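Below is one structure, written out as structure tokens, with a few remarks after it.
Proteins come first, then strands; the chains are lettered A, B, ... in the order of their sequence lines, and each starts at number 1. As the structure is a prediction and not an experimental result, all values here were calculated from the model. Quick note: numbers below take in every heavy atom, side chains included, and nothing from hydrogens, waters or symmetry partners.
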Amino acid sequence: MVKVLVCVAWPYANAPIHLGHVAGSLLPPDIFSKYQRLHGNEVLMVSGSDQHGTPITVKAEKEGVTPEVIAERYHEINKKAIEGLDIEFSLFTKTHTENHFEVVTDMFMTLRDHGFLYKKGTLQYYCPKCEKFLPDRYVEGTCPSCGNEKARGDQCERCGKAFEGGEMVNAVCVHCSTAPELRETEHYFLKLTAFQDRLIDWISGKEEWKSSVKLFTKNWLEAGLADRPITRDMSWGVPVPLPGWEDKVIYVWFDAVIGYLSASKEWAKRTGRPDAWKEYWADPSVKGYYFLGKDNIPFHTIIWPAMLMGYGGLNLPYDVPANEFLTFKGDKLSKSRGNSIDIPSLLKSYQVDALRYYLAVNMPENKDSEFTWEDFETKINNELVATLGNFYHRVLSFTFKHFGEVPIYHGTEAQRREVMEAIEKARAEVDENLQKCEFKRGLKAIMDLAQFGNRYFDSVGPWALIKKDREQCGSVLYLNLQLVQALAVMSYPFLPRSSEGAWKLLGHQEGMLNKGWDNFAVPLPEGQKLLEPKPLFSKIVVEKEDPDAAFRGFESLNLKVGRIIDVQNHPNADSLLLMQVDIGRKVQIVAGLKAYFTPEELKGRKVVVVSNLKPAKLRGYESQGMLLAAESGDLVTLLMPPADAEPGDQVSSGMTPSEKQIEFKDFQKLTLKIGEVQEDGGIDVGRKLRCRCPPGLGRSKVPVFLPSPEANECLAFFTEKGSFITADERLPNGATVR
RNA sequence: AGCGGGGUGGGGUAGCCAGGACAUCCCGUCGGGCUCAUAACCCGGAGACCGGUCGUUCAAAUCGACCCCCCGCUACCA
């Protein structure tokens, strides 16, 4: 019996967790821990909600509530979702607790005593009336560079100039409009640079780490570490435990990783053995596993180890089996089909084990994987139900019907050995892979055994034997039941419900966990009464796709007719133009068109604008949309709205454009091309496509939307008045629009 | 554009770090079998010149160079 520490990345408490969290960082440690417990090992598995930091205060301000309200709300939601998925923590706590504050304080003070923290002063705005330092986003003033009167503390949103302390003109506090004064404020910094060499040494010994994790860490270390500030001027967080620092808190990234330790201590207190945590942290033979997504790697392979080195006496991570991401391209479609991807509604529609199976079999262990409803449906129905579920059920129901109990075994040892060897082979493979945190392979070994079971059942043909030789039939069923038992035990880490279900149907009184991992090889007690079996898994039906689904992607774009009012050169970039465009309201757009147009050519032109693009700063100036242009080699032309179009007209193409903002990268995924209208109403974009458009298109070049790059159908652009957007006749068919 | 990861039969994947005999497995597909089982199960077939080009080697999916495409982060991408 050994002890194992399992640490799970702390979900941030400003939103509900989604399937990506589950597949990436929650399910893997649960499988691992269940496996370890089945082996009789003692597992301490901890995590909790990461509740501090600015995103939570911002959300709280928006809703007009305190940060606690937000942090607690999502803590509860997420805790429930995790429990619903049968993921069992020793403790799933949160960071806004007295215990956590104490542990963070201890870490802070110890690192400070050991000389790994130092103070550094910076100039920052201070409001004399509110009597506090103002975080950057709480200061407004006039930008000295572009004259924008609504510039914020650190940077002007219009021209993007970054301010040094005090550069902004007429700064005011956004709360009370008092002019703030500049004061020197101090912050603590973690001396990461001091650990660089030790970390490099430590990493080099990590043969068992995934190559991606190790390589990423190595590159980061070789690029050189920088000391990082670990305190901030705000009030939501862990207070800095020093006199005179009452208005500051510990930076969230510093406090959150300490959660592993504080949760372990909290767990120990709760179990009534306050020192029990040391068994997992101070005994060098105990391995600590940290499960997280790839975005979190440096915190667990560099920063947290550095903190632990600086603190002293505690174990560093043994393995960090970080996963990639589970993505959902079908997310939008899923909503239109009445399927939602959030966990509570998934749990309402599908069995927990079905979800766990799909997420495990599709786990992003080595590269991003994608959740699709179609794949979900086929994997559940054709693998989980058809292979494993069917084997359980055909064996249990046939035996129950004809014997009602575990039959007596009259067969030969050779016959028994054939089955036991298959079981042993699967056992060895599952052991080998789960110990290395290779979950997909482990699951595959289980499914292979289920397949062996089906083959075996077929080969011995109990349905024929029962008519000829009841005794012999009982013997082969006995061996099949033995396989069922082995599968039940082995699959427990992945599929705990059905596993225990099968275990009970075999008539066992004692719980599986008590019996433990090795028990699946033990002979079943002959004569043990079976329970009446019912199928452990059911097939699922995912609703049919909506016929318009192909064009839903177009709805994510909110296109409007605009008129360019003013154009200036971007003061700070070679290729960018800065323009004001009327799209019913006035927006500023930054476009990389300087090489193709002069400001005079553009002024006054009607254009097509993506109006719901998420604003972004380009070389400092905010761009609140984008002009659609077609390009082919050196030829770049703007799309042309029809004569009757007015600024603000919707280019809806008969769909319902979304009001939601679209990320630029998502916009880039859409396929927009130039095509030529054919006699028969089709459109040639280099190859011929059917066009989903109303009549009235002349023979001309037009922009079209394709549901996918390979689609054979497209949608032309037309306004709410029904007139078409066109494009320059010189463009070749298939030119791209962006 | 820079950095990292990836491109393997229709879809999804293993193998690649430690090159070598028929390129793995799942799904789908085609043909057959069975009828205990949730039209589930079992057997067999078809289907891949392992993104492209060039190189190293007796031998490359596996090593190297260059190029193309996808994904993530970063950026004077809008």
Side-chain angles (χ1 to χ4, degrees), chain A residues 160 207 210-216 218-220 223 293-295 297-298 324-325 327 329 361-362 364-370 372 374-375 377-402 438 440-441 443-445 447-448 450-466 473 476-477 480 533-540 570 572-579 588-594 609-610 613-629 662 664-665 667-669 709 738:
Chain A
E207 294 309 326
K210 281 189 193 184
S211 63
S212 59
V213 174
K214 192 169 169 177
L215 192 69
F216 187 89
K218 218 174 118 218
N219 288 340
W220 186 293
K294 64 177 165 186
D295 52 331
I297 292 172
E324 312 276 317
F325 294 141
T327 61
K329 269 206 190 101
V361 84
N362 196 26
E365 280 181 299
N366 295 311
K367 50 187 151 193
D368 288 356
S369 60
E370 192 171 321
T372 68
E374 204 189 356
D375 191 43
E377 187 176 331
T378 57
K379 287 221 162 70
I380 297 307
N381 290 344
N382 299 333
E383 297 178 22
L384 183 65
V385 179
T387 303
L388 182 60
N390 182 236
F391 179 65
Y392 278 155
H393 194 243
R394 68 198 297 208
V395 173
L396 289 166
S397 60
F398 190 91
T399 315
F400 180 79
K401 189 171 158 199
H402 295 281
E438 298 202 0
K440 280 204 239 187
R441 284 165 181 256
L443 183 53
K444 183 166 184 326
M447 295 309 283
D448 284 347
Q451 198 166 47
F452 170 86
N454 277 313
R455 210 179 306 135
Y456 183 73
F457 191 91
D458 266 20
S459 73
V460 294
W463 58 90
L465 266 184
I466 189 75
C473 181
V476 300
L477 286 175
N480 275 293
K534 50 176 191 342
L536 291 164
F537 306 105
S538 355
K539 289 205 167 199
I540 62 172
H570 193 298
N572 208 12
D574 295 336
S575 65
L576 301 180
L577 291 174
L578 198 56
M579 48 191 115
Q588 169 170 281
I589 292 179
V590 183
L593 296 173
K594 204 189 230 174
V609 175
V610 183
L613 205 55
K614 190 176 172 196
K617 278 184 202 129
L618 290 182
R619 201 62 177 179
Y621 285 73
E622 183 163 278
S623 185
Q624 298 158 326
M626 112 177 233
L627 306 185
L628 285 186
I662 176 170
F664 183 66
K665 62 182 175 189
F667 167 74
Q668 282 184 306
K669 287 177 191 157
R738 44 159 275 245

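Both A/Asn381 and A/Val590 lie near RNA chain B, and the one whose nearest nucleotide falls closer to the 5' end is A/Asn381.
Taking a pair to require two hydrogen-bonding distances under 3.5 Å in either a Watson-Crick or a G-U wobble arrangement, B/G47 remains unpaired. The nucleotide B/C73 finds its pairing partner in B/G2, both defining distances of the Watson-Crick or G-U wobble pair being shorter than 3.5 Å. Using N1 to N3 plus N6-O4 or O6-N4 for Watson-Crick, or N1-O2 and O6-N3 for G-U wobble, each under 3.5 Å, B/U38 pairs with nothing.
Using a 4.0 Å heavy-atom distance criterion, A/Asn390 is classed as a base contact. Residue A/Phe391 is classed as having no contact, given no heavy-atom separation below 4.0 Å to the nucleic acid.
Regarding A/Glu377, its CD atom lies at a distance of 19 Å from the P atom of B/U38, rounded to whole Å.
Aromatic stacking of A/Phe398 on B/C36: not satisfied for centres closer than 5.5 Å together with planes under 30 degrees.
At least one side-chain nitrogen or oxygen of A/Gln451 sits closer than 4.0 Å to the OP1 or OP2 atom of B/C26. Contact annotation: A/Arg455 does not reach the phosphate of B/C34 (side-chain N/O to OP1 or OP2, under 4.0 Å). Residue A/Lys444 places none of its side-chain N or O atoms closer than 4.0 Å to OP1 or OP2 of B/A14. Contact annotation: A/Asn454 does not reach the phosphate of B/A37 (side-chain N/O to OP1 or OP2, under 4.0 Å).
Separating the C1' atom of B/G12 from that of B/C70 is a span of 16 Å, rounded to the nearest Å.
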